[in-house]
Amino acid sequence: MFLNTKHSHRQIQPYYRLAHLCMVTSLHDGMNLVAKEFVSARKDAQGALILSCFTGASHELSDALVVNPYDTEELAGAIWRALEMDPAERMARMQRMRATVEANNIYRWAANLIGELCDIRVSAQAAPPACSIVAEAASAEVL
């Protein structure tokens with residue numbers, strides 16, 4: 001169903017919960033939150049997720065069925081597989097994706113970002129300035 005309007009979270013949740021599958025077939029990185037919202041909404045651990053290989057979420061949600069959206073045969077095969085998947089496999093995949101989404105929340109992202117910034121600062125202080133390296137190399141050549 002295509003609804004060409006802005007939707008609130010409350011309006012979208014029932015669709016996520018009822019859908020047999022969710023397809024995010026972006027041609028470049030995007031729509032990652034849609035994929036994660038679908039996974040978060042599936043408390044029953046049902047439903048299958050099909051992701052474009054161009055989305056960032058495809059690297060994080062490795063239990064999704066990852067496709068090249070330009071390959072119509074592959075996309076059709078993923079839709080068939082999602083609809084025909086053994087319920088136990090579908091549930092196991094969704095449970096793993098839900099655990100990933102729960103673990104990789106905004107707090108984890110912020111902590112990782114701050115940690116990486118601290119690493120940059122420490123490594124910048126530990127390395128000698130580029131000018132002194134050039135000067136040392138030049139003086140070594142003179143000797």
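Note that the structure is predicted; figures quoted are calculated from it, not measured.
Note: the hydrophobic cluster containing Val24 does not contain Ile79 (ILVMFWY, side chain heavy atoms under 4.5 Å, direct or indirect links). The same ILVMFWY cluster, assembled from side-chain heavy atoms under 4.5 Å apart, contains both Val34 and Ile12. Note on Leu18 and Leu49: separate hydrophobic clusters, where clusters join Ile, Leu, Val, Met, Phe, Trp and Tyr whose side-chain heavy atoms are under 4.5 Å apart, directly or indirectly. By the rule that hydrophobic residues join a cluster once side-chain heavy atoms approach within less than 4.5 Å of another member, Leu83 and Ile50 end up as members of one cluster. There is a path of hydrophobic side-chain contacts, each under 4.5 Å, that joins Met97 to Leu51.
Nearest heavy-atom pair, Ala78 versus Leu65, reported as atom, atom and distance to 0.1 Å: O-CD1, 3.5 Å. Here the closest heavy-atom approach between residue Met91 and residue Asp44 is recorded as CE-O, 4.0 Å. Between Tyr16 and Arg42, the shortest heavy-atom distance links the atoms O-CD, 3.0 Å. Scanning all heavy atoms of the two residues, the minimum distance from Asn68 to Glu74 falls at N-OE1, 3.0 Å. The two atoms that bring Gln13 and Ala41 nearest to each other are OE1-CB, 3.4 Å, heavy atoms only. Closest of all the heavy-atom pairs between Ser26 and Pro69 is O-CG, 3.7 Å.
Note that CG of Asp86 is 11.0 Å distant from CZ of Arg81, once rounded to the nearest 0.5 Å. Distance check: Glu89 CD to Glu84 CD gives 12.5 Å after rounding to the nearest 0.5 Å. Atom OH of Tyr107 sits about 15.0 Å away from atom CG of Asn112, to the nearest 0.5 Å. For the atom pair Ser62 OG and Arg96 CZ, the distance stands at 8.0 Å (nearest 0.5 Å).
Contact check for Gln46 versus Arg90: side-chain heavy atoms found under the 4.5 Å cut-off. A heavy-atom distance below 4.5 Å is found between the side chains of Leu61 and Lys36. Counting heavy atoms from C-beta on, the side chains of Asp71 and Leu75 never come closer than 4.5 Å. Considering only heavy atoms from C-beta on, Met94 comes within 4.5 Å of Phe38 through its side chain.
For His20, the NE2 atom sits in a loose shell: 12 or fewer heavy atoms of surrounding residues, nucleotides or ligands are nearer than 6.0 Å.
A salt bridge is defined here as a Lys NZ or Arg NE, NH1 or NH2 lying under 4.0 Å from an Asp or Glu carboxylate O, and Arg98 with Glu102 fails to meet this definition.
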